Amino acid sequence: MDKNFDINNEKKIYKAWLDGGYFKPRTDFDANYSGENFSMIMPPPNITGQLHIGHALNNTTQDFLARYRRMQGDNVLWVPGTDHASIATEVKIIDALKKEGLTKQDLGREGFLKRAWAWNDKFGGRIYTQLQALGTSCDWSRCAFTMDEKRQKAVLKVFKRLYDEGLIYRGSKIINWCPCCKTALSDAEVEHEDEKSSFWYIRYPYADGSGYLVVATTRPETLFGDVCVAVNPEDKRFTDKVGKMLKLPATDKEIPLISDEYVEKDFGTGAVKITPAHDPNDYEVGARHGFTPICVMNLDGSMNEICGKYAGLDRMDCRKRLIEDLKAEGLIEKIEPYTVSKGHCYRCHTSVEPMVSKQWFMNMDDMAKQGLKVEEEGKVKIIPNRVAKIYRNWLNNIRDWCISRQLWWGHRIPAYYCDECGNTMVEESTPTKCSKCGNTHLHQDEDVLDTWFSSALWAFSTLGYPEKTKDLERFFPTSVLVTAQDIIFFWVARMVMLSGKIEGNIPFKKVLINGIVRDDEGKKMSKSSNNGVDPIEIIDKYGADSLRFSLLVGNGTGNDFRFSETKILEDRKFINKVWNAGKFVELCISQSGEASLDKNKLNIYDKWIYTKLNTAIVDIAKSMNNLDVCQAVSRMYSFVWDDFCDNYVELCKPYVYSQNPDERNHAVAVLKDVYFNILKMLHPIIPFITEEIWQNFNKTMLIGESYAKSIGKFKKEEEQVQKIIGLIAKIREVRLSLNVPVSKRISLVICKQTSEDDAQLVLSAADVLSKNVNIEKVEAQNDKREAVKFVCEIGELALYKDEVVDTEKERERLNKDLAKIESEMTLLASRLNNPNFVERAPKELVKKEKERYEFLNSSAQSIKKNLNNL
RNA sequence: GGAAGUUUAGCUCAGUUGGUAGAGCCCCUGCCUUACAAGCAGGUUGUCGCAGGUUCGAGUCCUACAACUUCCACCA
């Protein structure tokens, strides 16, 4: 093995895995494979650009699970894919066109789509390259794209079915309109932000000349669409005015004053202008009173011909001009500063306009109920649980989903209209004639579907729906979905609903929510802040393993997470440690003969490390079952670094360097076995380096091995070695405190008080003590030589005074020990003297504490005696 | 206007059913000891946001408060 792992080998290793077919489910090779099915669908990244560090976290988490389950013997399927991201991609392409001085109209629908597919080839491909560099072990042979042929079929099938059932319908309703993207948006696609604006108090004169009524509004420019003014029926100020006509300012129109419960007496002036075409509430009020909405805006956000001289002005310019004009006419009562919450397009951040428009909708009522039910029953488990509350809240307040978009890039709505009789047909394949009148002149709906429509089918469309495939049968519902919190509405909830509706089942059993990745200052990474990190840059510099490990270590489930290059530098030390341990094992092997592992020859240290290994594996399994990735990783870390590298490697050195070939061969065999188990343990998180090391020793591939397994657990030996480790630490401490040079070899004395068993144990550890703390010999107490005593878990021991000297240092040390022991005794005593504790605490605990107290007490006694002797 | 999360060592963060506070980095001391100086052996560092409560016992459960963050919401 070289001095360091060469990260350039990662590509070669990935190719070997790929060529070996390791990313495919075992049932692809052996239909009778009996392992449990474990499946995941990858949240498909948008083809708008390249992956960022959040994607790296998401996919590392999934890959960690996939590789772990695979090594557990599961039949693992992980399906990768990308999303066409209708509106987001279209915005990007239009931007690109703009640089060439072109618009999408210049290209025409067909030309534009050609561009879009070329875009997909370029960026979709780049995403796959990035995922591979990260080491993702997904099954590329099943790779899906939301607009590929199979997924198109699924979309058509689902659309038709829901249309036939009346759940998808077309109608005129108030929707969110983005004047920049020129399309309708769903409620979920609107982001609300507080904006500083004004509250305009406008005078609406009574038609009969009896003064005026003051109406307060935040959107004066929509007054051209006013159909009436409303007041609360209980509001006595207006009782005698209701029914009168008002002159609509800046127009020659007259509108009535009506009353409606919706109006709040105490807000504003108590009088509200009702503009049904441009406000969801007004729409309701208008409908109740039989008014027809009047649309006053064009689709680009400019005012239309209804607005007279303001026609053609952008809505904001119109507002300015209108207010000036009204002021001049004395129709502005006052203007107050006001903060309004305004909706913005989630893609281009233009402020959206509520507008009445003819769109396609999906009725979500029953599906939402089903979605709530499966979560409440625990069939779909959301981790961490708090996120489930967000999910429930949204489903409880769900409204019909606006699914049509006035875009070109996306699934075109399979609705066809007869040019003759206007009949609407929804078909999976283009009809040739009208089903009603037989006319052959038909045209297809111009709109495409919301990009999240195809995403909602992802859980089963990726497994072959609408065909009844083996994959669907085996892998649906999927096991775990790993995703981010911000798409819980867009995606997670809708997948649950559509899977329930179409497949009559849940899409996944568990949802693991990743936190948001922030930069080292805690700021959210985003393009606008320019603090995003390209995973490829990190991988090129430090290797994929370093990135993967750093993303998962210390990252609590669902918590936001700070990422920085500094953290990578800290965390990659662990990878270096694993590599160096491998070098040690290699060295030992090269210096020993062949020996197979003989369970009967295990010494206490071997038994100790196997017990530790066993515990670690059990803990890891528990954490992995709970999807507690952070805990699993930290458990791996402490076993490898603390138990194996710091302790076992040092404890086994006398044996792997032994002059006795049998002893040496055995020791190396154990060392090798434990280390190989470490490689297996770590492979799911740092697959490249572990594979590289594994192949240095083996002809097989690590990815195909089963997970780490201990050959046993040995309670007694574990305790014994724990005592020896404690003794070593104590000797180091004493040597240091007495200023005994590390290089000086000294004797260790077993005092008479020490039990026979413990004395034997210390004697048996002579080699280990020699190697670790430079103890020349271990012997029983010799009364003729003065000794410096100390106490540890294993009993009372001593060093010869003439070998270590320095009375002052010794006194200092003993006093320090005594203080420590006494403070613990005080704590225990206060507890044991409390009758409540003795009576009510578990008996085992009370007993344990009593024993501990006794032990400390006797230790304190002997330390005091030693102090006196000084 | 609702709701959620966070608050633990100088910094970044772990802390599973309540049972004597942990890691990494930083800092100090001693070591280039034949796996590893991206290291080893030691050491220092905390009224676990504030105030109550439940309990023999609370970082952990309950209540109120504060600060920060986020999500949801049609009051013109």
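All chains are named by letter (A, B, ...) in the order of the sequence lines, taking the proteins before the strands, and each is independently numbered beginning at 1. Note that the structure is a prediction, hence the values are computed from the model and not measured.
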If you take all heavy atoms of A/S186 and A/C402, which pair is closest and at what distance?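 Heavy atoms of A/S186 and A/C402 come nearest at CB-O, 3.9 Å.
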Check whether any side-chain N or O of [X] sits under 4.0 Å from OP1 or OP2 of [N], and answer yes or no.
X      : N      : result
A/K573 : B/rG39 : yes
A/R732 : B/rA41 : no
A/W641 : B/rA38 : no
A/N559 : B/rA14 : yes
A/K577 : B/rC40 : yes
A/R831 : B/rG57 : no
A/Y338 : B/rA76 : yes
A/R386 : B/rG5  : no

Donor-acceptor pair under 3.5 Å, A/K583 side chain vs B/rC36 base: no
In this structure, are over 12 heavy atoms from other groups packed under 6.0 Å from A/K381 atom NZ? no
By nearest atom, which of the nucleotides B/rU20, B/rG19, B/rA76 is closest to the A/T217 side chain? B/rA76
Using the side-chain hydrogen bond (donor to acceptor under 3.5 Å, both in side chains) criterion, which residues pair with A/K334? Sequence neighbours excluded.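 Once residues adjacent in sequence are excluded, the partners of A/K334 under the side-chain hydrogen bond (donor to acceptor under 3.5 Å, both in side chains) criterion are A/E336.
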Looking for any heavy atom pair under 4.0 Å, which part of the strands does [X] touch: base, sugar-phosphate only, or nothing?
X      : value
A/Y637 : sugar-phosphate
A/E733 : nothing
A/N281 : base
A/D646 : sugar-phosphate
A/F489 : sugar-phosphate
A/K567 : nothing

Set of side-chain contact (heavy atoms from CB on, under 4.5 Å) partners for A/F837, sequence neighbours left out: A/R831, A/L832, A/N834, A/A841, A/L845, A/V846, A/E849
Can you tell me which residue pairs pass the salt bridge (Lys or Arg N to Asp or Glu O under 4.0 Å) test with a partner in residues 636-655 of chain A, sequence neighbours excluded? A/E650-A/K653
Examine the side chains of A/D194 and A/T339 and answer whether a donor and an acceptor come within less than 3.5 Å of each other. no
Those residues of residues 266-280 of chain A lying under 4.0 Å from RNA chain B by at least one heavy atom: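 Going residue by residue through residues 266-280 of chain A, the ones with a heavy atom under 4.0 Å of RNA chain B turn out to be A/F267, A/G270, A/V272.
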Looking at residues 649-658 of chain A, who's got a heavy atom less than 4.0 Å off RNA chain B? A/V649, A/E650, A/K653, A/Y657
Please report the interatomic distance CZ(A/F291) to CD1(A/I258), rounded to the nearest 0.5 Å.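 A/F291 atom CZ to A/I258 atom CD1 measures 5.5 Å (nearest 0.5 Å).
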Sticking with atom C1', work out how far B/rG43 lies from B/rA38, rounded to a whole angstrom. 22 Å
Nearest-nucleotide wise, let me know which of A/D520 and A/N4 is further upstream toward the 5' end of RNA chain B. A/D520
For RNA chain B, which ranges pair as stems of 3 or more consecutive Watson-Crick or G-U pairs, with both donor-acceptor distances under 3.5 Å?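 When the pairs of RNA chain B are grouped into runs of at least three, the stems are B:1-7 with B:66-72, B:10-13 with B:22-25, B:27-31 with B:39-43, B:51-53 with B:61-63.
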